[in-house]
Trainee: 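Once you've had a glance at the structure underneath, I'll fire off some questions.
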Amino acid sequence: MSAAVQSRFAAALRDPAAALPPDLALSRGRVPERRFVVYRNNVAASLRAALETRFPASRRIVGEAFFAELAGAYARAHPPRSALMMAYGDGLADFAAAVPALASAAYVADVMRIEAARTRAYHAADAEPLGPERFAAMRPEELQRLRITLHPSLEIVRSAYPALTIWAMNAGERDLAPIVDWSPEDALVVRPALDVVVRRLPAGGAAFLGALAAGMTLGTAARLAAGNDAGFDLTLNLAGLIGAGLVVAMTAARPRRGGRAP
Amino acid sequence: MVLRSPLPVRLPALPGVGFKPEHFDDILADRPFDGFFEVHAENYMGAGGPPHARLGRLRRNHALSLHGVGLSIGGADPLDREHLARLKALCDRYEPESFSEHLAWSTHAGAFLNDLLPLPYTAETLDRVVAHVAQTQDALGRRMLLENPATYVAFAESDIPETAFLAAVARRAGCGLLLDLDNVLVSATNHGTSPEAWLDAFPLADVGEIHLAGHAETTDDAGAPLLIDAHGAVVPDPVWALYRRVLRRAGPLPTLIEWDNDVPAWPALRAEAERARGLLVAAAHDEAA
């Protein structure tokens with residue numbers, strides 16, 4: 001087909017108010033309006049359905065009608081750039097964060113970030129976590145010098161709101177209840193085996209994992225996390241790191257010499 | 001005329017079903033399903049996770065058909081090389097018995113429209129589809145099947161019949177064809193033509209797989225029936241009738257029950273596949289007689 005025919009067809013598909021492309025054959029002597037609308041509806045409905053499937057908790061929070069409108073607006077502004085529909089909606093949270101109607105529910109964008117991270121974790125590369133026995137015999141100074149490779153599915157979503165609690169309540173993971181402690185939450189999203197796990201990180205945990213992901217040794221990451229948050233508890237965070245299967249490889253850094261940065 | 005060898009059918013001439021993750025446990029718990037599974041390639045383009053765990057498990061005991069829905073072979077744009085590379089990686093990972101795609105387009109100016117859209121049938125589009133199929137086969141290092149579409153509109157500029165168009169693609173690109181009999185019925189009804197005449201003009205010798213599916217029915221602007229390729233219902237009687245007609249002429253062929261929406265429980269889906277098996281067995285018997 002000439003590129004012009006395709007362009008006219010695509011333009012009419014994406015704009016419900018547009019006239020039919022002039023290239024269509026008449027059907028029984030009539031302009032095939034309803035026939036063309038099948039395609040227009042397919043495109044709009046399939047993109048909306050992809051977002052509804054990926055963001056069920058966010059949809060529950062804002063309501064089906066509002067979500068449909070939001071998804072439609074997102075699809076018009078940001079159509080998928082590839083056939084990988086599993087990745088469609090990675091930008092929905094940023095888009096929603098700029099929607100005036102959601103200004104009073106800014107946590108919704110963070111709930112979307114958690115849901116988007118869950119899909120990415122679901123499809124992420126597989127990797128076998130190191131078991132706790134690999135760390136059991138290590139002396140503290142050995143532990144300090146470890147550099148860690150975190151699980152490839154691991155993501156952290158930091159929220160100024162209790163977004164994890166809100167997500168859990170709207171994802172059927174926790175009963176709906178008033179949130180008494182309206183405080184920031186850092187969510188860890190990871191898939192050590194086949195199930196995606198979402199859990200709340202303890203104080204300083206996000207900084208600690210971020211530093212490890214950046215290639216710092218355990219010792220340096222712990223100092224950075226403690227400086228970042230006075231409530232940082234190394235024992236608790238180490239137990240989480242190892243017990244939750246977040247580590248897939250480790251190397252021992254050489255002992256420090258002459259004051260060089262690790 | 002160049003003498004061609006017949007298409008090497010690599011899927012077994014058995015029934016197959018479109019695999020749905022929600023059926024995984026029931027499939028394993030059921031008596032063995034003697035047939036193949038088909039999946040949409042795009043759903044398995046993640047690096048890992050449960051989709052690959054399930055597919056890897058099924059692959060151990062079953063032939064596999066990878067069915068692409070996003071390559072946009074019928075489009076005016078160049079093929080997406082990254083997408084081709086992803087398809088190649090998936091073919092290398094699972095070594096499927098078959099890879100198939102659609103005579104349709106779905107990408108325009110870099111935007112993916114997530115539907116199988118129609119194209120005019122002209123000398124120009126024929127050249128482009130032949131080139132795209134050839135490029136795909138070269139990239140994958142394997143022969144592919146191209147599926148006939150379900151269409152709701154036609155183009156004024158089309159001057160090649162769909163059957164002749166598909167036959168020419170198969171001949172010139174050296175690909176096989178996937179014959180979707182519900183699409184035949186849907187398109188023929190929508191365009192007021194005869195599905196039997198369409199089949200009589202179609203090169204059955206090039207067919208490597210058959211799709212059977214259900215459709216939805218509405219009416220068009222003139223109040224005429226408009227069938228929608230919805231993949232959300234049992235295979236209707238007219239499609240089974242077309243299937244018997246094809247089996248009489250071509251003998252048994254790999255036959256997929258395609259049910260993607262309002263997916264039933266595994267036993268109901270399997271029952272459709274077993275119905276196809278009955279006809280396949282009868283066709284093999286007729287062929288031997």
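Within every chain, numbering begins at 1; the chains are lettered A, B, ... in the order of the sequence lines, protein sequences first and strands thereafter.
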Trainee: Under a 4.5 Å heavy-atom cutoff, which of B/Gly70, B/Ala222, B/Ser158 has the most pairs with chain A?
Mentor: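 Sorted descending by pairs with chain A, the first entry is B/Ala222.
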Trainee: Using heavy-atom distances under 4.5 Å, tell me whether B/Leu113 contacts chain A through its side chain, its backbone, both, or neither.
Mentor: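 Its backbone and side chain both get close to chain A.
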Trainee: Does any backbone or side-chain atom of B/Ala154 lie under 4.5 Å from a heavy atom of chain A? Answer side chain, backbone, both or neither.
Mentor: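 Contact with chain A: backbone and side chain both.
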Trainee: Can you tell if the side chain of A/Leu47 reaches within under 4.5 Å of the side chain of B/Phe112, non-hydrogen atoms only?
Mentor: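 Side chain of A/Leu47 against side chain of B/Phe112, heavy atoms only: no contact under 4.5 Å found.
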Trainee: I'd like to know whether CG of A/Asp175 has more than 12 heavy-atom contacts from other residues, nucleotides or ligands below 6.0 angstrom.
Mentor: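 At most 12 heavy atoms, drawn from other residues, nucleotides or ligands, come within 6.0 Å of this atom.
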Trainee: For B/Asp127, which atoms come within 4.5 Å of any heavy atom of chain A: side chain, backbone, both, or neither?
Mentor: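 For B/Asp127, no heavy atom lies under 4.5 Å from chain A.
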Trainee: For the pair B/Phe155 and A/Phe9, name the ring-plane relationship: parallel under 30°, tilted 30 to 60°, perpendicular over 60°.
Mentor: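 Plane angle between 30° and 60°, so tilted.
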Trainee: Going by heavy atoms in the side chains, are A/Ser82 and B/Arg86 under 4.5 Å from each other?
Mentor: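 Yes; the side chains approach each other to less than 4.5 Å.
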Trainee: Just so I know, are the side chains of A/Tyr88 and B/Asn114 near enough to count as touching, which here means a heavy-atom distance under 4.5 Å?
Mentor: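 The answer is no; the side chains never approach within 4.5 Å.
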Trainee: Within the supplied structure, the quantity of interest is the number of heavy atoms (other residues, nucleotides, ligands) at a distance under 6.0 Å from A/Glu69 CD; does it exceed 12?
Mentor: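 Open: at most 12 neighbouring heavy atoms sit under 6.0 Å from CD of A/Glu69.
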Trainee: Quick check: are there more than 12 heavy atoms from other residues, nucleotides or ligands sitting under 6.0 Å from CG of B/Asp262?
Mentor: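 Open: at most 12 neighbouring heavy atoms sit under 6.0 Å from CG of B/Asp262.
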Trainee: Given that the side chain runs from C-beta out, which part of A/Arg81 has a heavy atom under 4.5 Å from chain B: side chain, backbone, both or neither?
Mentor: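 Looking at A/Arg81, backbone and side chain both touch chain B.
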Trainee: Do B/Pro120 and A/Asp23 have side chains that get closer than 4.5 Å, going by heavy atoms?
Mentor: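 Heavy-atom side-chain distance check fails, nothing below 4.5 Å.
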Trainee: From B/Asp220 CG over to A/Glu33 CD, what is the distance, rounded to the nearest 0.5 angstrom?
Mentor: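 It comes to 11.5 Å.
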Trainee: What are the two closest non-hydrogen atoms of A/Asp126 and B/Gly48, and how far apart are they?
Mentor: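 Residues A/Asp126 and B/Gly48, closest heavy atoms: OD2-CA, 3.5 Å.
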Trainee: Heavy-atom pairs under 4.5 Å with chain A: which of B/Asn190, B/Thr107, B/Leu71 has the most?
Mentor: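 Sorted descending by pairs with chain A, the first entry is B/Asn190.
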Trainee: Please flag which part of B/Ala41 lies under 4.5 Å from any non-hydrogen atom of chain A: side chain, backbone, both or neither.
Mentor: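 B/Ala41 has no heavy atom closer than 4.5 Å to chain A.
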Trainee: Tell me which of these, A/Pro32, A/Ala75, A/Pro80, has more heavy-atom pairs under 4.5 Å with chain B than the rest.
Mentor: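 Looking at each option in turn, the highest pair count goes to A/Pro80.
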Trainee: Check each atom of A/Ala124 against the heavy atoms of chain B and say whether the ones under 4.5 Å are side chain, backbone, both or neither.
Mentor: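 Answer is backbone: N, CA, C or O of A/Ala124 sit under 4.5 Å from chain B.
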Trainee: Is it the case that more than 12 heavy atoms not belonging to A/Arg134 sit under 6.0 Å from its CZ atom?
Mentor: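 Result for CZ/A/Arg134: open.
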Trainee: Do you know which of A/Ser27, A/Pro79, A/Ser7 has the most heavy-atom pairs under 4.5 Å to chain B?
Mentor: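 Answer, by heavy-atom pair count under 4.5 Å with chain B: A/Ser7.
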Trainee: Under 4.5 Å from any heavy atom of chain B, what part of A/Leu13 do you find: side chain, backbone, both or neither?
Mentor: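 Contact with chain B is through the side chain of A/Leu13 alone.
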Trainee: So does B/Glu22 have more than 12 non-hydrogen atoms from other groups sitting under 6.0 Å from CD?
Mentor: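 Yes, the 6.0 Å shell around CD holds more than 12 heavy atoms from other groups.
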Trainee: Would you compute the distance between atom NE2 of B/His191 and atom CZ of A/Arg35 and round it to the nearest 0.5 angstrom?
Mentor: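 Between atom NE2 of B/His191 and atom CZ of A/Arg35 there are 6.5 Å.
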Trainee: Does any part of the side chain of B/Pro118, heavy atoms only, come nearer than 4.5 Å to the side chain of A/Tyr39, both counted from C-beta?
Mentor: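 When only atoms from C-beta onward are counted, B/Pro118 and A/Tyr39 do touch, with a gap below 4.5 Å.
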Trainee: Locate the shortest heavy-atom distance separating A/Arg30 from B/Asp221; write the atom from each residue and the value.
Mentor: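 Nearest heavy atoms, A/Arg30 then B/Asp221: NH1-O, 3.6 Å.
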Trainee: Which atoms of A/Ser153 come close to chain B, meaning under 4.5 Å heavy atom to heavy atom: side chain ones, backbone ones, both, or neither?
Mentor: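 For A/Ser153, neither part sits under 4.5 Å from chain B.
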Trainee: Would you say CD of B/Glu82 has more than 12 non-hydrogen atoms from neighbouring residues, nucleotides or ligands within 6.0 angstrom?
Mentor: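 Counting neighbours around CD of B/Glu82, 12 or fewer heavy atoms of other residues, nucleotides or ligands fall under 6.0 Å, so no.
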Trainee: Would you mind checking which part of B/Thr219 comes under 4.5 Å of any heavy atom in chain A, side chain (CB onward), backbone (N, CA, C, O), both or neither?
Mentor: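 For B/Thr219, backbone and side chain are both near chain A.
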Trainee: Answer yes or no: is there a side-chain heavy-atom contact under 4.5 Å between A/Gln6 and B/Leu119?
Mentor: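 Of all side-chain heavy-atom pairs linking B/Leu119 with A/Gln6, none is under 4.5 Å.
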Trainee: Relative to chain A, which segment of B/Thr218 carries a heavy atom at a distance below 4.5 Å: side chain, backbone, both, or neither?
Mentor: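 Side chain only.
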Trainee: So for atom CG, which belongs to A/Asp195, do other residues, nucleotides or ligands contribute more than 12 heavy atoms lying within a distance under 6.0 Å?
Mentor: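 Open: at most 12 neighbouring heavy atoms sit under 6.0 Å from CG of A/Asp195.
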Trainee: At their closest point, which heavy atom of A/Ala83 faces which heavy atom of B/Glu42, and how far apart are they?
Mentor: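 Between these two residues, the closest heavy atoms are O-CG, 3.7 Å.
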Trainee: Measure B/His83 against the heavy atoms of chain A and call it side chain, backbone, both or neither at under 4.5 Å.
Mentor: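 When you check distances to chain A, only side chain atoms of B/His83 fall under 4.5 Å.
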Trainee: In terms of heavy-atom pairs under 4.5 Å, which option from B/Gly68, B/Gly49, B/Ala109 contacts chain A the most?
Mentor: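 It is B/Gly49.
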Trainee: Going from CZ on A/Arg8 to NE2 on B/His108, what distance comes out if it is rounded to the nearest 0.5 angstrom?
Mentor: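 Between A/Arg8 CZ and B/His108 NE2, I get 11.0 Å after rounding to 0.5 Å.
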Trainee: Tell me if the CD atom of A/Glu128 is crowded by more than 12 foreign heavy atoms within 6.0 Å.
Mentor: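 No.
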Trainee: What are the two closest non-hydrogen atoms of B/Glu157 and A/Val5, and how far apart are they?
Mentor: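 Closest pair (atom of B/Glu157, atom of A/Val5, distance): OE2-CG2, 3.2 Å.
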Trainee: Taking all non-hydrogen atoms of both residues into account, name the closest pair between B/Ala111 and A/Arg14 and its distance.
Mentor: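 Nearest heavy atoms, B/Ala111 then A/Arg14: CB-NH1, 3.9 Å.
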Trainee: Just how far is it from atom CG of A/Asn42 to atom CG of B/Leu117, taken to the nearest 0.5 Å?
Mentor: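 It comes to 8.5 Å.
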Trainee: Examine whether an atom of A/Val196 lies under 4.5 Å from a heavy atom of chain B, and if so say whether it belongs to the side chain, the backbone or both; otherwise answer neither.
Mentor: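 When you check distances to chain B, no heavy atom of A/Val196 falls under 4.5 Å.
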